[in-house]
Every structure is written in C-alpha cells, then in structure tokens.
Amino acid sequence: MLEISKRQWLVGAAAAAALIAAPAAALAQQPIVIKFSHVVAPDTPKGKGAEKFKELAEKYTAGKVKVEVYPNSTLYKDKEELEALQLGAVQMLAPSNSKFGPIGIKEFEVFDLPFLLPNLDALRKVTEGPIGKRMLKLMDSKGMVGLAYWDNGFKQMSANKPLKSPADYKGLKFRIQSSKVLEAQFRTLGAVPQVMAFSEVYQALQTGVVDGQENTWSNMYTQKMHEVQKFITETNHGYIGYVVVVNKKFWDGLPADIRTQLDKAMAESTQYANNQSAKENEDAKADIVKSGKTTILTPTAAEVAEMRKTMAPLYDDMGKRVGKELIDEVVKAVGGQS
Ligand code: LMR
C-alpha cells in the first residue's frame with residue numbers, strides 16, 4: 001500500500017514538475033525578436049537591405065532570431081523611430097545620415113554638404129576608413145550601436161517649375177530632412193526649407209504645402225513624387241545614405257554566439273545593399289522617364305558651376321554645426337571638394 005502511494009506520489013510529482021518545466025522550455029525556444037522599422041518602401045535600397053538582413057540573420061542563427069521588418073513608416077515616422085529605438089520599443093533602424101541631429105548627433109550632417117561626393121567610391125573612403133569607424137562610435141553615448149553604413153544614392157531636385165540656376169529656387173518652399181546643413185543649403189539658394197517626415201512628403205507636394213523637395217530616384221519613384229512634380233532636375237548635388245543602428249542594451253545583452261552570427265548577416269547584407277543601390281536608382285529613374293509624368297532636366301555645366309559656387313560657403317559656415325576639423329578631414333578623404 002505504502003509502495004503504491006509512494007509510486008503515485010512520484011508520478012504526481014513528476015507530472016507537476018513537467019507542468020512547471022513546460023513553459024520554461026517553451027520560453028527557451030522562443031526566438032529573439034528584432035523589430036526593424038524604416039520609412040521607405042520595400043522596393044528600395046534600404047528596403048531590400050532590411051529584407052536581406054532578415055533572411056541571413058534568421059538563417060545564420062537557425063531561427064533563434066526572428067527579424068520583423070516594418071517598412072513605409074508603418075510603425076514610426078522619422079523622429080519617432082529614433083526615440084522608439086532609444087526606448088527599446090524597436091531594436092533596429094537605418095535612418096539617413098541627415099536625421100541624427102535632433103537627438104544630438106550632428107556630425108553625420110557632414111554627408112549633407114552639397115557637391116561633397118564625386119561618386120560612391122569617394123564615400124567609401126570615409127565610411128570604410130578610420131573616420132567612418134570613429135563616427136559610428138558616436139552612437140554609443142545615445143544608447144545605440146552603429147553597425148553599418150548603407151547607401152541610397154544621389155539626390156535630385158524637384159518642383160513644379162524648372163530648377164536650373166540658383167535664381168530659380170528663390171522664394172520656393174522645399175521639404176527637407178531634419179538637418180541644419182540641408183536647411184542652410186536651401187537658405188543659401190534663397191528658398192524656404194521646411195522639415196517634414198518622409199511619409200508626409202507626397203501629400204505636401206500634392207496639396208502645395210511645399211513647392212519642391214530633394215531626393216533619390218528610388219525614393220521619388222516609390223513614393224510617386226514624380227506624379228505631383230512637373231520637373232526633376234538631375235543635379236546629383238547631394239547624397240542619401242543610412243546608418244544601421246541597434247538599441248545598445250539589447251545588442252550588448254545578446255548571447256555572444258548570436259551576436260557573431262548577426263554581425264556576419266549584417267556584413268553580408270551591407271555588401272548586398274551597397275552593391276546594388278546604384279542600379280536601384282538607375283532603374284527607378286528609367287521608370288520615372290517611362291511614366292511620362294514629369295520632365296527631367298539636365299543642367300548645363302555653367303548652371304552646375306553656378307550652383308556649386310553659391311553653395312561653397314557652406315563648407316565654412318557649417319563648421320560650427322558639424323565640426324570644422326571633421327569637414328576638413330572628410331573633404332581630404334574624398335579627394336577634395338568635388
Ligand atoms: C528622406 O526623408 O527623404 C529619406 O531620408 C528617406 C529615407 O529613409 O531614404
């Protein structure tokens with residue numbers, strides 16, 4: 001009798017232990033979730049980079065990490081997404097260089113200087129060299145870790161009137177990203193800059209809240225901006241690129257082997273994204289041409305020279321904002337002001 005009841009007790013205890021252990025085991029198998037929020041369409045250099053990172057991160061960690069990509073500002077708009085990352089509501093973002101100023105990192109606005117980069121090779125000399133590494137470290141003090149630089153491409157100007165020489169910009173309202181260098185750029189041209197979230201640009205152009213904007217071919221095409229702008233001038237005057245950032249507490253708290261695999265996924269998706277960004281933009285330009293919904297203008301050499309000359313004082317003026325030494329270093333690394 002005693003034997004039976006002892007056995008019964010053991011069986012009962014084992015069952016109870018299994019019940020307690022079950023949620024813990026289930027929990028141990030729960031993947032680590034990385035929410036990757038961004039503001040552009042999936043079919044863009046950044047959108048494709050994010051999808052590639054998802055694919056590789058999930059593969060290399062054998063499903064221990066799950067990456068949820070939220071494109072098109074579905075979770076957060078420009079400024080909110082950085083706050084959300086700092087608070088840990090999302091784990092990963094790739095804001096453009098122009099968007100870190102409002103949280104106190106002004107140095108990345110150096111990439112907004114007009115006519116800084118003759119091509120992407122010149123950019124790589126900065127981002128892949130000691131300057132780029134040092135700049136990524138700036139993210140640490142803001143609760144983030146900077147993992148990589150991703151390209152979009154070169155910016156073009158658009159409006160409902162032809163924009164060729166500086167005089168054409170006078171008095172027009174332009175949507176800008178939240179960068180003081182971009183603000184100064186449009187003020188130098190006699191225009192009125194207005195900071196606005198990316199997700200609001202199409203409607204602002206459509207309703208005339210602003211007259212024009214600057215962006216890459218892929219961003220213009222995927223947001224249909226060309227449908228509400230009569231002219232796009234192929235100025236290639238500036239560059240849009242991104243810094244992939246993660247929440248520092250989250251990143252530092254990951255098991256080391258997982259972080260190693262994620263680093264590998266990031267390195268490969270960076271290479272993937274940057275290898276095809278130029279083509280993405282060429283294709284988007286071709287699609288815009290094909291749509292017939294806007295007129296693309298090519299400025300003459302004299303018009304380009306006039307634009308450069310008008311904007312050249314920014315290299316000195318913006319020293320106060322982004323650091324004179326940094327501007328000098330970057331200009332030197334890219335082979336001089338282009
Ligand atoms: C913009 O706001 O125009 C861009 O930074 C959007 C983006 O992320 O490419």
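One-based numbering, in listed order, for ligands and for the atoms of each. Scope of the values below: all heavy atoms of this structure, side chains included, with no hydrogens, waters or symmetry mates.
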Practice task
Using side chain to side chain contact (heavy atoms under 4.5 Å, CB included) as the criterion, point out the one residue from Val40, Asn281, Val201 that pairs with Asn219.
Solution key: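 Exactly one option meets the side chain to side chain contact (heavy atoms under 4.5 Å, CB included) with Asn219, and it is Val40.
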Problem - Partner of Val209 by side chain to side chain contact (heavy atoms under 4.5 Å, CB included), out of Glu200, Lys173, Gln203, Met196 - result: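 Looking at Glu200, Lys173, Gln203, Met196, the match for Val209 under the side chain to side chain contact (heavy atoms under 4.5 Å, CB included) is Met196.
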Exercise for the section: May I ask you to check whether Tyr169 and Phe174 place their ring centres under 6.0 Å from each other? Expected result: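 Yes, the ring of Phe174 comes within the 6.0 Å limit of the ring of Tyr169, centre to centre.
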As an exercise, identify every atom of ligand 1 less than 4.0 angstrom from a heavy atom of [X].
X      : value
Val40  : 6 (C), 7 (C), 8 (O), 9 (O)
Asn219 : 4 (C), 6 (C), 7 (C), 9 (O)
Ser96  : 5 (O)

Considering only non-hydrogen protein atoms, determine which one is nearest to [atom] and report residue, atom name and distance to 0.1 Å.
atom                   : value
atom 2 (O) of ligand 1 : Lys99 NZ, 2.7 Å
atom 5 (O) of ligand 1 : Gln177 OE1, 2.6 Å
atom 9 (O) of ligand 1 : Tyr242 OH, 2.5 Å

Handout entry: Arg134 with Glu329: basic N within carboxylate O range, under 4.0 Å
Key =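 Looking at Arg134 and Glu329, the cut-off is met.
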Problem - Short N-O contact, Asp263 and Arg259, less than 4.0 angstrom - result: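 Salt bridge: no.
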Practice task
Can you see which heavy atom on Lys164 is nearest to which on Met307, and at what distance?
Solution key: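 Smallest interatomic distance, heavy atoms only, reads O-CG, 4.0 Å.
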Exercise for the section: Measure the distances from the heavy atoms of Arg175 to every atom of ligand 1 and state whether one is below 4.0 angstrom. Expected result: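 Under 4.0 Å: yes for Arg175.
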Handout entry: Sub-4.0 Å heavy-atom approach of His38 to ligand 1
Key =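 Contact check His38 vs ligand 1: negative.
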Exercise for the section: Going by heavy-atom distance to atom 8 (O) of ligand 1, choose the closest among Lys46, Lys77, Gln213. Expected result: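 Among Lys46, Lys77, Gln213, the closest heavy atom to atom 8 (O) of ligand 1 comes from Lys46.
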Exercise for the section: Just let me know how Thr216 lines up against ligand 1, side chain, backbone, both or neither, with a heavy-atom cut-off below 4.0 Å. Expected result: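 Neither; no heavy atom under 4.0 Å.
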Exercise for the section: Using side-chain hydrogen bond (donor to acceptor under 3.5 Å, both in side chains) as the criterion, point out the one residue from Gln177, Arg321, Lys180 that pairs with Glu109. Expected result: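 Of the listed residues Gln177, Arg321, Lys180, the side-chain hydrogen bond (donor to acceptor under 3.5 Å, both in side chains) partner of Glu109 is Arg321.
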